[in-house]
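All remarks here apply to the structure that follows.
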Amino acid sequence: MSTVSIIGNGNMAKAIGGVAAAGGSTVEYLGREGGAVAGDVVVLAVPYPEVDAVIATYGDALAGKIVVDITNPLDFATFDGLTVPADSSAAAVIAGKLPSSTVLKAFNTTFAATLASGKVGAETTTVLIAGDDDAAKATLTGIVTAGGLNAVDAGSLKRARELESIGFLQITLAAAERISWTAGFSLVA
């Protein structure tokens with residue numbers, strides 16, 4: 001299997017690492033202080049406002065790697081919108097800053113609890129993956145499905161904008177206590 005490097009140590013980092021490890025991948029957790037990056041797949045499991053600092057620290061080490069953006073670029077002051085331009089996405093911004101990496105958008109439409117349990121209600125948790133490189137998406141799909149979850153190719157990296165809107169809606173519903181942090185959207189085929 002793959003080696004997955006996860007930058008971050010919060011609930012999402014641990015849940016994604018658990019999925020990868022359950023599928024047989026080797027998982028390493030990295031802090032924000034820098035260091036060697038062993039994984040061919042690197043997950044940015046930090047809040048969007050911290051991405052620039054992570055790129056400043058790890059940018060060169062991410063060249064040639066699959067970088068998975070899980071962020072939702074919410075305006076946390078107002079909870080009333082996204083902080084990226086309407087015709088863009090956090091993933092597109094990150095891809096622009098990491099031209100030697102293959103950037104994918106994934107995991108942002110799931111909560112840590114649904115990743116850890118593998119369920120949204122009675123349904124298996126589905127990870128939506130957007131990106132422009134089919135081989136990279138296949139690699140991440142393999143990690144996700146080996147870990148017991150479903151994965152769906154959501155299209156090109158342009159679809160990251162819609163995934164971020166879904167993530168935004170889900171977070172605002174949970175923050176307003178209209179749904180729990182163990183709930184989420186389910187995709188049924």
Side-chain angles (χ1 to χ4, degrees), residues 1-48 50-72 90-91 94-95 97-120 123-154 157 160 163-164 167 181-182 184 187:
M1 284 308 301
S2 299
T3 297
V4 178
S5 297
I6 301 176
I7 301 173
N9 58 13
N11 292 337
M12 285 295 289
K14 292 172 187 167
I16 293 167
V19 169
S25 291
T26 301
V27 178
E28 76 168 348
Y29 295 93
L30 301 168
R32 295 179 182 103
E33 65 280 351
V37 178
D40 295 326
V41 177
V42 181
V43 178
L44 302 181
V46 298
Y48 183 66
E50 295 182 32
V51 166
D52 283 343
V54 168
I55 290 173
T57 300
Y58 288 103
D60 292 340
L62 301 178
K65 299 193 183 279
I66 298 168
V67 175
V68 182
D69 166 35
I70 75 162
T71 67
N72 284 303
I94 292 167
K97 293 177 180 184
L98 296 173
S100 298
S101 302
T102 301
V103 175
L104 301 178
K105 184 73 174 191
F107 299 107
N108 75 301
T109 61
T110 58
F111 288 143
T114 61
L115 289 171
S117 70
K119 295 287 184 186
V120 176
E123 302 297 327
T124 300
T125 301
T126 299
V127 176
L128 301 172
I129 303 169
D132 295 332
D133 186 296
D134 289 339
K137 289 192 284 188
T139 295
L140 185 58
T141 295
I143 292 166
V144 168
T145 57
L149 305 182
N150 294 329
V152 171
D153 184 337
L157 198 61
L163 296 183
E164 291 171 8
W181 292 97
T182 59
L187 186 63

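Just so it is clear, the model here is predicted, and its values are computed rather than measured. Both backbone and side-chain heavy atoms feed into the values below; hydrogens, waters and symmetry mates do not.
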Is there a side-chain contact between [X] and [Y] in this structure, where contact means two heavy atoms from C-beta onward sitting under 4.5 Å apart?
{"X": "Lys119", "Y": "Thr124", "answer": "yes"}
{"X": "Ser2", "Y": "Thr139", "answer": "yes"}
{"X": "Thr71", "Y": "Val51", "answer": "yes"}
{"X": "Ile7", "Y": "Tyr58", "answer": "yes"}
{"X": "Lys65", "Y": "Val41", "answer": "no"}
{"X": "Thr3", "Y": "Asp40", "answer": "no"}
{"X": "Ile55", "Y": "Leu98", "answer": "yes"}
{"X": "Leu140", "Y": "Phe107", "answer": "yes"}

Point-to-point distance, once rounded to the nearest 0.5 Å, from [atom1] of [X] to [atom2] of [Y]:
{"X": "Ile66", "Y": "Ser5", "atom1": "CD1", "atom2": "OG", "value": "11.5 Å"}
{"X": "Leu62", "Y": "Thr57", "atom1": "CG", "atom2": "OG1", "value": "10.0 Å"}
{"X": "Asn150", "Y": "Thr126", "atom1": "CG", "atom2": "OG1", "value": "4.0 Å"}
{"X": "Ile70", "Y": "Thr110", "atom1": "CD1", "atom2": "OG1", "value": "8.0 Å"}
{"X": "Ile129", "Y": "Lys105", "atom1": "CD1", "atom2": "NZ", "value": "13.0 Å"}
{"X": "Asp153", "Y": "Asp134", "atom1": "CG", "atom2": "CG", "value": "6.5 Å"}

Treating [X] as the side-chain partner and [Y] as the backbone partner, does any N or O pair qualify as donor plus acceptor under 3.5 Å?
{"X": "Glu164", "Y": "Ala91", "value": "yes"}
{"X": "Asn108", "Y": "Asn72", "value": "no"}
{"X": "Ser25", "Y": "Ala21", "value": "no"}
{"X": "Glu123", "Y": "Leu187", "value": "no"}

**Study point:** Derivation of the side chain to side chain contact (heavy atoms under 4.5 Å, CB included) call for Leu104 and Asp69
**Key:** CA-CA 6 Å; Leu104 301 178; Asp69 166 35; over 6 Å; no
Looking only at heavy atoms, what is the nearest atom pair of [X] and [Y], with distance?
{"X": "Thr114", "Y": "Phe111", "result": "OG1-O, 2.9 Å"}
{"X": "Val127", "Y": "Leu149", "result": "CG2-CD1, 4.1 Å"}
{"X": "Thr141", "Y": "Ala151", "result": "CG2-CB, 3.8 Å"}
{"X": "Ala136", "Y": "Thr102", "result": "CB-CG2, 3.6 Å"}
{"X": "Val46", "Y": "Gly8", "result": "CG1-CA, 4.2 Å"}
{"X": "Leu157", "Y": "Ala130", "result": "CD1-O, 3.8 Å"}

Check your understanding: Are Val4 and Glu28 close enough, and set up right, to give a side chain to side chain contact (heavy atoms under 4.5 Å, CB included), and what steps lead you there?
Key -> CA-CA 6 Å; Val4 178; Glu28 76 168 348; over 6 Å; no
Check your understanding: Around Asn9, counting heavy atoms of other residues, nucleotides and ligands shown, do more than 12 lie under 6.0 Å from its CG?
Key -> no
Exercise for review: Indicate yes or no: does Asp52 engage Lys97 in a salt bridge with an N to O separation below 4.0 Å.
Suggested key: yes
Exercise for review: Go through Ile16 and Ile6 one step at a time and tell me if the side chain to side chain contact (heavy atoms under 4.5 Å, CB included) criterion holds.
Suggested key: CA-CA 8 Å; Ile16 293 167; Ile6 301 176; 4.2 Å; yes
**Study point:** Passing candidate, side chain to side chain contact (heavy atoms under 4.5 Å, CB included) with Val68, options Ile94, Val43, Val42
**Key:** Val43
